[in-house]
Amino acid sequence: MTSLVTKVKTKMFIFAHRRARTMLDGEFGSVFRGRSLDFDDLRAYVPGDEVRDIDWKATARVGSPLVKRYAAVRKQTVLLLADTGRNMAAVSRGGEPKKEIVLMALGVVGYLAHRHGDQVSLVSGDASSSETVPPRGGEGHLELILRRVDDAVGLDAGPSDLTAQLAHVARTVARRSLMFIVADEAAVGEEDASLLRRLAAQHEILWFTVRDAELAGAAAPRRSYDVADGGYLLSLLAEGGEVAEDYRRLVEERSSRRARILTGLGIVEAHADSVEDVLPALFRLLERHRRAR
Amino acid sequence: MDLIFAWLLIPGAIALAGALVLVVRRRRTGEEAVPVAHGDRLASLPSYQRLVRRQRLWLTVVVLSALVLAGALLFAAARPALTSSQRPEQRSRDIILCLDTSGSMSRADAAIVDVFASMVRDFRGERIGMTIFDASGVQVFPLTDDYSYIEDQLARARDAFDRRSADPAFFEGTREGRGTSLIGDGLASCVQNFPRLDTERRSRSVIFSTDNYLAGTPVFALPEAADLAKAKGVRVFALNPADFGPRTTNEEALELRAAAESTGGQYFPLRSTTAARSIIDQIQASEATATQGSARGLVADRPDVPLGVALVAGAFLALGLWRVRS
């Protein structure tokens, strides 16, 4: 059985051929606000590094940009949050199982955190139960986390409930951390909004949306059923006309509502339709998060 | 209503059930349905629910009309038919009207033809022939069951008897023997006029109208002719216009009666008003066994109702398939 972390690393390596891999590291490193003032050493500048970290004197001496590296005073914690209900076993807009995309996103962020020397923890679960994997470092720990998610998600898993996971974090996690929330296109309700408001005060939050399969229009799968209740959906009735129009309006309304709530709380969001989308989307997410500050 | 190939219903029903199972199975396993999340995005739309209701309705129409179509076609394939068995009444009775046209009978002949005509009206199915004789017998018409023809012939005979001069050809050939009123010869020739007398078993009767006043030398005396008739199984019913009853006394009448009764027939004075009716009853009571034809089955296919239903169901199916979107 191939390691899930290896799979993530492979993808990141391929991505690195198009953009400098270190760029991702640079982006990730800039996510944290709190940095120690203990100067460690100098290294070459990579795009994505904070401009204010550039050691201009050293740069002038060497002739190429150098940035100062600081030793972290305390270990950061990256809290991965994922819904492992059966919604995640469904198909994404790109036609892949949403679970693959979730695993990729969690893996990339977890691996970046690992390389950054941070600890990674996981809160996952469905409507019936939530569980926590306590923060620890190392690739083996990341592998465990990914495997936990991989095993939990399935068509026979419990119903999805992201609100329960948010509430679980609010209840149990005391330490300030970087929260990476992987969600799908579930409607963000009032309860979610207030929980997020409460969590955003404590944590740094990144929101990653795995977009669900289209149910109307030409891109919709011909035969589909809802994982929530097993009911068949007749997408062929919604290829066009009034239904497709109503559907489009409803989806639009939901995503704009989500965006409004998240933006209001200063949470940056990115979305992916397929595994291929994950790295560029994450890159954009980190970039925007840095800019948003 | 019977089904000729009723057994076809069983394999047909099995095939139909098998096809249904196959269709359901194919729906289940065929094109893999994709699991999707948040189906409420579509399912909660009122416009979608309306379309689903319409789709369900037309699907029901399609399924029901397909079932009705298949059932009706299966029923039609089993050949619904009205079967009935008919026992055609073959009245194998042959009757020859045997009429003495000698001078002594001339006044009575027309009345006798009337009696004959009234008898013929009561016969149905019997074959009737007519022979007249004086010195020799002449066949007026052979045995036939064409009653309108018989009535025509009797009408012609009646006209001829009314005015002998009007139709002399009618009596052509009756005077060829030695003498006139050769009663025995007349009866013998009437008996011999039955076709296939020796080979075919039928009920044969001669209605023999004569006064038995002999004038000449016949080849057959009356008792001899009666014996011939008896030997051939022909019954002789005698009608005597010269018997004024109630008690028959004259010798000729007695001889005629004896001759008739010796063959198993009967003797009637013509004056007797019941004569015609009772002769008919007697003849019709004879030999019922020989009259039954063999039963014949009649089959009339009645596919119109199931095929009509199939046509209507087919129309609904076409309409449904047109309306259902798949």
Heavy-atom pairs under 4.5 Å with chain B: which of [options] has the most?
options	value
A:R86, A:M88, A:K98, A:E185	A:E185
A:S235, A:A220, A:A186	A:A186
A:L155, A:D229, A:D246	A:D246
A:N87, A:L250, A:V251	A:N87

Is any side-chain N of the basic residue among A:R254 and B:D40 closer than 4.0 Å to the acidic one's carboxylate O?
yes

Where [X] and [Y] come nearest, the two heavy atoms and their spacing:
X	Y	value
A:V243	B:Y48	CG1-CB, 3.8 Å
A:V227	B:A37	CG2-CA, 3.9 Å
A:A89	B:P35	O-CG, 4.1 Å
B:G39	A:L215	CA-CD1, 3.8 Å
A:D212	B:H38	OD2-CD2, 3.0 Å
A:A213	B:R41	O-NH2, 2.9 Å

Contact origin within [X] toward chain B - heavy atom pairs under 4.5 Å:
X	result
A:A187	neither
A:L233	both
A:V91	both

[X] [atom1]: over 12 foreign heavy atoms closer than 6.0 Å:
X	atom1	value
B:Y147	OH	yes
B:E151	CD	yes
A:E253	CD	no

Toward chain A, the part of B:R54 with a non-hydrogen atom under 4.5 Å
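For B:R54, no heavy atom lies under 4.5 Å from chain A.
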
Please look at B:L51 and chain A and tell me whether the side chain, the backbone, both or neither of the residue comes under 4.5 angstrom of a heavy atom of that chain.
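Both parts, heavy atoms under 4.5 Å.
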
Most heavy-atom pairs under 4.5 angstrom with chain A, which of B:S44, B:P46, B:A43, B:S47?
B:S47

Mind checking the CZ-CG spacing from A:R249 to B:L45? Nearest 0.5 Å is all I need.
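A:R249 CZ to B:L45 CG: 9.5 Å, rounded to 0.5 Å.
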
Test item: B:V34 and A:R223 side chains (from C-beta on) under 4.5 Å apart, heavy atoms
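The answer is no; the side chains never approach within 4.5 Å.
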
